[in-house]
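As structure tokens, the structure follows; a few thoughts come after it.
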Amino acid sequence: MRPGRSGRWNRERPAGVNGPPDMNNPPVVSGPSEVCAEAPGRVNLLGEHTDYNEGFVLPMPLGQVTRVFAARAEGMVEAYAEIFDERLVLELGRPREGTWLDYIAGCVWALAQEGIEVPGARFRIQRGVPPGAGLASSAALEIAVLRALRTLYEIPLDDLRLALIAHRAEVEYVGVRCGVMDQVVASLGRAGQALFLDARSLQHEWVPIPAGYRFVVVDSGVPRRLAEAGYNRRRAECEEAAARLGVRALRDLTPGDLERIALLPEPLGRRVRHVVTEDARVLAGVEALRSGDVRTFGRLMIESHRSLREDYEVSTVELDRLVALAVENGALGARLTGAGFGGSVVALVAEANFEAFVSSTLSQR
Ligand code: GLA
């Protein structure tokens, strides 16, 4: 059950609690008085809007991390976010109201749903992953919070289960119907490697980036617009198309099905064509990375962007412009990354061209 006004948690901001909490005097029960944990943002290299269709994705963790300091507490979750200079408190047993604290309280709630009761905690949050840039800042926050709670309360949780609990928090508590990609890569990602994930079986492997090349993220500076509504609409379209085609999920189709897919009413046909061809691009992209064929990988990125723009219709004028600019400035490939509707693009660039690429792209952006 998703906790709404009848749920177990509530946001409460008593008068005068703005500002950092006194971390030297927390109501500590036992064990470590304060722990520090962090988790990275992510950039997705290929495989957009495929995870909730039970398909394939290829994200990579970023160097930017969200860090949390946590201490034990009783009966409440309290957090101070440096980025907002705001401190919020939730008492156990009260309904939630819808603030950034939901991402943290949702983790405690999701643990409880899994039979792991945490009595409470206080947090100080340093958000190094910028929100709204399409770099999965909320997954970074959730994974950092759960890692901190795991250490604080000595909870036996492996990294994959931790990711699934974070996902449950976001879907069932916060109410965003996202796929599993962001939480899984924030939890399992390894620096400098892409994570090839099957979003149905959750089988995964790490794929190294060929030497001499870099993936560069360029933030369009335009925050995502109407992203949640657009995202949910795309999900609903995919579900409707899967039902019409008689498959459990769009993952069960292949490029061999494109003829019957074309018989669907629009825009469903184009939506499915994106998902089916994008899954195929991830499989081809993994092979290309493994064999060091960066040119093929770059071409797949450009095709992915075209498909996201024309078939899935989640790009924007600014993102299209940035992708074109990146290619003009020598990138082997570029595409929007994340859900779209704003946010960032990712480009594949030769190490030797890196400095020139960054300075010319930033000056023309
Ligand atoms: C968001 C969601 C992910 C995924 C991407 C699009 O980042 O959180 O689960 O669906 O959009 O690929």
Side-chain angles (χ1 to χ4, degrees), residues 43-60 134 179 181 194 196-199 215 217-218 220 224 227 230-231 233-242 245 247 249-289 293-327 331-348:
V43 54
N44 191 19
L45 307 181
L46 267 184
E48 224 62 86
H49 293 277
T50 45
D51 60 353
Y52 55 82
N53 289 301
E54 304 187 7
F56 305 108
V57 291
L58 191 64
M60 183 177 169
M181 168 170 71
F196 173 36
L197 171 71
D198 178 336
F215 287 98
V217 178
V218 189
S220 70
R224 286 171 301 165
Y231 188 89
R233 203 172 323 115
R234 295 299 180 282
R235 273 200 80 142
E237 287 166 350
C238 290
E239 282 160 11
E240 186 188 337
L245 292 164
V247 291
L250 298 186
R251 143 73 177 272
D252 296 310
L253 301 163
T254 69
D257 293 304
L258 284 174
E259 249 174 57
R260 73 184 177 112
I261 290 169
L263 300 175
L264 286 170
E266 291 304 347
L268 298 190
R270 278 180 291 135
R271 305 291 189 253
V272 180
R273 187 166 62 189
H274 165 73
V275 174
V276 170
T277 57
E278 186 78 350
D279 272 336
R281 279 187 287 272
V282 175
L283 299 178
V286 169
E287 284 315 308
L289 281 189
D293 184 356
V294 287
R295 297 215 165 268
T296 296
F297 197 90
R299 183 177 50 73
L300 292 165
M301 291 175 81
I302 290 170
E303 283 171 17
S304 169
H305 186 76
R306 181 161 32 81
S307 180
L308 287 160
R309 185 185 66 222
E310 290 169 15
D311 283 350
Y312 221 64
E313 295 179 285
V314 291
S315 190
T316 64
V317 176
E318 295 86 1
L319 293 171
D320 294 345
R321 224 189 116 252
L322 261 190
V323 166
L325 186 62
V327 174
L332 284 88
R335 58 187 286 280
L336 73 82
T337 187
F341 306 100
S344 303
V345 307
V346 56
L348 173 58

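Just so you know, these numbers use all the heavy atoms, side chains as well, and skip hydrogens, waters and symmetry mates.
A donor-acceptor pair under 3.5 Å links the side-chain atoms of Asp252 to the main chain of Ala249, judged by distance alone.
Listed here is the closest heavy atom pair of Gly342 and Thr316: N-CG2, 3.5 Å. For the pair Leu336 and Val314, the tightest heavy-atom approach, listed with the atom from each and the gap, is CD2-O, 4.0 Å. When all heavy atoms of Ile261 and Gly269 are compared, the pair lying nearest together is CG2-O, 3.6 Å. Nearest heavy atoms, Ala241 versus Leu264: CB-CD1, 4.2 Å. Contact detail for Leu46 and Gly285: the closest heavy-atom pair is CD1-CA, 4.0 Å. The nearest pair of heavy atoms linking Ala199 to Asp51 is CB-O, 3.5 Å.
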- Check the pair His305, Asp320 against side-chain contact (heavy atoms from CB on, under 4.5 Å), reporting the backbone distance first and the verdict last. CA-CA 8 Å; His305 186 76; Asp320 294 345; 2.9 Å; yes
- Item | Check against side-chain contact (heavy atoms from CB on, under 4.5 Å), Val345 and Thr337 | CA-CA 5 Å; Val345 307; Thr337 187; 5.9 Å; no
- Query: Going through the distances and angles, do Val323 and Leu325 end up as a side-chain contact (heavy atoms from CB on, under 4.5 Å)?
  - Reply: CA-CA 5 Å; Val323 166; Leu325 186 62; over 6 Å; no
- Message: Let's go through Val218 and Ser344 carefully: what are the C-alpha distance in whole Å and the side-chain angles of both, what is the deciding distance for side-chain contact (heavy atoms from CB on, under 4.5 Å) to 0.1 Å, and is it a yes or a no?
- Response: CA-CA 6 Å; Val218 189; Ser344 303; over 6 Å; no
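Two residues are said to be in side-chain contact when any heavy atoms from C-beta on lie closer than 4.5 Å; Arg281 and Glu303 meet this criterion. Contact annotation: the side chain of Leu308 never approaches that of Ser315 to less than 4.5 Å [non-hydrogen atoms, C-beta and beyond]. Between Phe297 and Leu332 the shortest side-chain heavy-atom distance does not fall below 4.5 Å. Between Leu197 and Phe56, every side-chain heavy-atom pair lies at or beyond the 4.5 Å cut-off. Counting heavy atoms from C-beta outward, Leu319 and Arg309 have side chains that stay 4.5 Å or more apart.
Taking a cutoff of 4.0 Å between a charged side-chain nitrogen and a carboxylate oxygen, Glu278 and Arg335 qualify as a salt bridge. Using a 4.0 Å cut-off between charged nitrogen and carboxylate oxygen, Arg271 and Glu313 count as a salt-bridge pair. Remark: Asp198 engages Arg251 in a salt bridge, criterion side-chain N to carboxylate O under 4.0 Å. The pair Arg233-Glu237 does not count as a salt bridge, with every side-chain nitrogen at least 4.0 angstrom from each carboxylate oxygen.
Of the candidates Thr50, Leu58, Val57, Met181 forms a side-chain contact (heavy atoms from CB on, under 4.5 Å) with just one, namely Val57.
Here the straight-line distance linking atom CG of Leu45 with atom CZ of Phe196 works out to 12.5 Å at 0.5 Å rounding. The structure places CG of Asp279 at 7.5 Å from CG of Asn53, a figure rounded to the nearest 0.5 Å. Between Leu348 atom CG and Leu300 atom CG the span is 11.0 Å, to the nearest 0.5 Å. Ser220 OG to Leu322 CG: the interatomic distance, rounded to the nearest 0.5 Å, is 6.0 Å.
Residue Glu266 qualifies as enclosed at atom CD: its count of foreign heavy atoms under 6.0 Å is above 12.
Checked against salt bridge (Lys or Arg N to Asp or Glu O under 4.0 Å), Arg260 has the following partners two or more places apart in sequence or in another chain: Asp257. Applying the ring-ring contact (aromatic ring centres under 6.0 Å, His included) rule to Tyr52 yields the partners His49, Tyr231; only residues at least two apart in sequence or on another chain are considered.
Side-chain contact annotation: Arg273 with Ser307, donor-acceptor N/O pair under 3.5 Å absent.
Residues in residues 255-285 take part in these ring pair (Phe, Tyr, Trp, His ring centres under 6.0 Å) pairs, two or more places apart or across chains: His274-Tyr312.
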